[in-house]
There are 2 protein chains.
Amino acid sequence: MLGASEHIGTNAHVGQFASSGTMSSADAPADRFERGTIRRIEAKEHVFCDGDPRTHVFRIEEGVIALSKLLGDGRRQIIEFAYPGDYIGLGTLREHIFDAQATCAAKVRCLSATALEQEASRDASLALRLYKAVSAELAAARSLLVSVGQQSAMERLAGFLVGLSARTEGDENVVKLPMRRSDIADLLGLTIETVSRTITKLRTMKVIDVVRGTEVHILDGDRLVELAGQ
Amino acid sequence: MLGASEHIGTNAHVGQFASSGTMSSADAPADRFERGTIRRIEAKEHVFCDGDPRTHVFRIEEGVIALSKLLGDGRRQIIEFAYPGDYIGLGTLREHIFDAQATCAAKVRCLSATALEQEASRDASLALRLYKAVSAELAAARSLLVSVGQQSAMERLAGFLVGLSARTEGDENVVKLPMRRSDIADLLGLTIETVSRTITKLRTMKVIDVVRGTEVHILDGDRLVELAGQ
DNA sequence: CGTTCATTTGAGTGAAGTCAAACCGAGTGG
DNA sequence: CCACTCGGTTTGACTTCACTCAAATGAACG
């Protein structure tokens with residue numbers, strides 16, 4: 001099984017941020033969302049781990065970060081995939097309670113959690129932005145919960161592809177999968193084999209076509225949405 | 001199946017709040033969390049429905065409210081049980097995207113959503129409280145997701161009972177179940193029958209005892225925690 | 001060209017679902 | 001006070017969807 005194999009020691013990932021200039025922003029100068037250094041993350045590298053002190057909040061600039069919970073016996077549930085523009089590490093706890101691991105090469109912007117929250121306690125509009133950001137995460141988590149709790153493997157996978165397609169810029173009918181089958185399986189509460197078999201079934205149904213394992217061409221979008229249920 | 005049987009018309013539940021005096025608060029006078037009228041809710045009555053405009057935020061004063069999503073074919077996923085002290089209806093969307101239904105007789109405090117959010121845009125400390133409240137909900141939703149996505153029926157049910165016991169004031173080993181089996185099933189992503197069978201198994205294992213179907217006596221708390229996994 | 005890692009496919013099993021019937025406790029009315 | 005109903009729960013028999021274990025295939029890379 002996948003897991004924390006690449007990760008050596010609880011804090012190995014902290015402290016060696018690639019020093020990149022702060023991006024010049026057209027926004028208000030005090031906008032913490034636009035400052036912070038950029039850090040490069042390799043595929044499978046951790047941004048932070050379950051149990052680490054929550055020192056930073058990160059904004060994804062490139063790639064995909066999987067937030068996940070690892071159970072004692074190796075089972076893993078992915079909580080969400082964070083895509084460019086998303087924030088990870090928000091919340092009020094002193095320590096992280098999830099792993100954050102890149103599913104492919106990625107870049108994140110690092111923002112000091114304490115600075116952010118100190119400023120939020122003075123600046124209501126920043127606090128409201130944080131509120132809206134977590135609210136969006138909450139909606140996403142609940143929607144995934146409905147899927148995992150009630151839907152069949154086919155419905156979950158079709159829904160996942162529909163969601164990915166909606167996120168995709170450019171041709172909505174060509175979706176790149178920037179993660180392994182095991183990541184999809186752990187997101188949807190299935191096994192790798194079931195994910196693979198379901199993809200195969202969608203292919204034989206001529207609803208999708210798969211190129212080199214990582215690129216999904218949606219041949220019949222309406223049917224896919226239908227298969228996703230509501 | 002359960003569902004919206006008690007509910008007649010999308011907005012039948014709005015507008016007939018029981019007029020109760022605003023509670024005198026030791027807090028700051030501007031504290032919106034302490035004002036608002038109290039509304040009585042009968043068992044199975046809706047506080048609000050999926051699709052209703054989000055006019056109010058509610059604080060549970062008594063009883064339990066189930067937040068749920070109903071799928072087209074009757075399947076239902078409960079997102080969370082809201083207990084006294086919890087808030088429901090937070091978020092930034094104009095409309096509710098879930099049903100909120102009492103599992104037993106309940107009372108909620110009604111707070112104007114617009115007033116709350118207008119004030120939050122001026123008062124950073126209020127905005128931060130909202131932020132913290134949703135963050136807590138987010139953590140709860142994610143934890144349930146892990147359970148539903150990865151754990152067996154026994155693990156889910158044991159975990160549910162452990163969680164209830166932790167919430168219980170007074171004797172931690174006597175847990176009242178203020179909801180039906182169908183509510184527990186829809187929360188955990190199981191069927192009524194599986195919930196019932198699992199409870200029976202816990203009884204034959206002498207880990208719990210059940211009195212009149214609604215009162216669980218925890219006989220072996222350590223074992224229960226063990227069965228819940230992590 | 002061989003190694004490694006990811007994915008696919010196959011065969012068999014099992015945990016939870018479905019359908020159906022029995023049971024139980026709380027009201028209600030004769 | 002008992003019979004009857006009604007909603008909820010439990011139990012039983014059977015089915016199925018997804019899991020497990022195992023092997024084959026495919027892609028990437030030195």
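A, B, ... follow the sequence lines: proteins, then strands. Residue 1 opens every chain.
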Check your understanding: In whole angstroms, how far is the P atom of dG7(D) from the CD1 atom of Ile192(B)?
Key -> 14 Å
Review point. If you measure only the distance, is there a donor-acceptor pair under 3.5 Å linking the side chains of Ser165(A) and Thr168(A)?
Key: no
Point to revise | Partners meeting side chain to side chain contact (heavy atoms under 4.5 Å, CB included) with Ala100(B) (sequence neighbours left out) | key: Val47(B), Phe48(B), Ile65(B), Leu67(B), Ile88(B)
Point to revise | Results of salt bridge (charged side-chain N to carboxylate O under 4.0 Å, His left out) for Glu62(B) - residues two or more places apart only | key: Lys107(B)
Practice item. Please collect all salt bridge (Lys or Arg N to Asp or Glu O under 4.0 Å) contacts where either partner lies in residues 168-178 of chain A, sequence neighbours excluded, each pair once. Key: none
Exercise for review: Let me know the distance between CZ of Arg180(A) and P of dT4(C), rounded to the nearest Å.
Suggested key: 17 Å
In a table with atom names and distances, give each donor-acceptor pair under 3.5 Å that connects a side chain of residues 148-163 of chain B to protein atoms at least two apart or in another chain.
{"from": "Gln150(B)", "atom 1": "NE2", "to": "Arg76(A)", "atom 2": "O", "distance (Å)": "2.8"}
{"from": "Gln150(B)", "atom 1": "NE2", "to": "Gln77(A)", "atom 2": "OE1", "distance (Å)": "2.9"}
{"from": "Gln151(B)", "atom 1": "OE1", "to": "Ser147(B)", "atom 2": "OG", "distance (Å)": "2.9"}
{"from": "Gln151(B)", "atom 1": "NE2", "to": "Ala228(B)", "atom 2": "O", "distance (Å)": "3.0"}
{"from": "Ser152(B)", "atom 1": "OG", "to": "Glu155(B)", "atom 2": "N", "distance (Å)": "3.2"}
{"from": "Ser152(B)", "atom 1": "OG", "to": "Glu155(B)", "atom 2": "OE1", "distance (Å)": "3.4"}
{"from": "Glu155(B)", "atom 1": "OE1", "to": "Arg75(A)", "atom 2": "NH1", "distance (Å)": "2.9"}
{"from": "Glu155(B)", "atom 1": "OE1", "to": "Ser152(B)", "atom 2": "N", "distance (Å)": "2.8"}
{"from": "Glu155(B)", "atom 1": "OE2", "to": "Arg75(A)", "atom 2": "NH2", "distance (Å)": "2.8"}
{"from": "Arg156(B)", "atom 1": "NE", "to": "Gln151(B)", "atom 2": "O", "distance (Å)": "2.8"}
{"from": "Arg156(B)", "atom 1": "NH1", "to": "Leu188(B)", "atom 2": "O", "distance (Å)": "2.6"}
{"from": "Arg156(B)", "atom 1": "NH1", "to": "Gly189(B)", "atom 2": "O", "distance (Å)": "3.4"}
{"from": "Arg156(B)", "atom 1": "NH2", "to": "Gln151(B)", "atom 2": "O", "distance (Å)": "3.1"}

Exercise for review: Tell me, please, which residues at least two apart from Ala140(B) pass side chain to side chain contact (heavy atoms under 4.5 Å, CB included).
Suggested key: none
Review point. Who pairs with Lys201(A) by side-chain hydrogen bond (donor to acceptor under 3.5 Å, both in side chains), at least two apart in sequence or on another chain?
Key: none
Exercise for review: Quickly work out the Ile184(B) CD1 to dT9(D) C1' distance and round it to whole Å.
Suggested key: 11 Å
Practice item. Using the test salt bridge (charged side-chain N to carboxylate O under 4.0 Å, His left out), find all partners of Arg197(B) that sit at least two apart in sequence or belong to another chain. Key: none
Revision key, fill the gap. The salt bridge (charged side-chain N to carboxylate O under 4.0 Å, His left out) partners of Arg181(A) (sequence neighbours excluded) come to none
Check your understanding: In whole angstroms, how far is the P atom of dG8(D) from the CG atom of Leu177(B)?
Key -> 15 Å
Please list each protein N or O that sits under 3.5 Å from an N or O in nucleotides 16-21 of chain C, with the distance.
{"from": "dA16(C)", "atom 1": "OP1", "to": "Ala153(B)", "atom 2": "N", "distance (Å)": "2.8"}
{"from": "dG17(C)", "atom 1": "OP2", "to": "Thr191(B)", "atom 2": "N", "distance (Å)": "3.3"}
{"from": "dG17(C)", "atom 1": "OP2", "to": "Thr191(B)", "atom 2": "OG1", "distance (Å)": "3.1"}
{"from": "dG17(C)", "atom 1": "OP2", "to": "Thr194(B)", "atom 2": "OG1", "distance (Å)": "2.4"}
{"from": "dT18(C)", "atom 1": "O4", "to": "Arg197(B)", "atom 2": "NH2", "distance (Å)": "2.8"}
{"from": "dC19(C)", "atom 1": "N4", "to": "Glu193(B)", "atom 2": "OE2", "distance (Å)": "3.1"}

Check your understanding: Where along nucleotides 25-30 of chain D does protein come under 4.0 Å, by heavy atom, of base (B) or sugar-phosphate alone (S), with - for untouched nucleotides?
Key -> ---S--
Check your understanding: Counting only non-hydrogen atoms, which of residues 198-210 of chain A are less than 4.0 Å from DNA chain D?
Key -> none
Check your understanding: Among all residues two or more places apart in sequence or in another chain, which pass the salt bridge (charged side-chain N to carboxylate O under 4.0 Å, His left out) test with Glu226(A)?
Key -> Arg223(A)
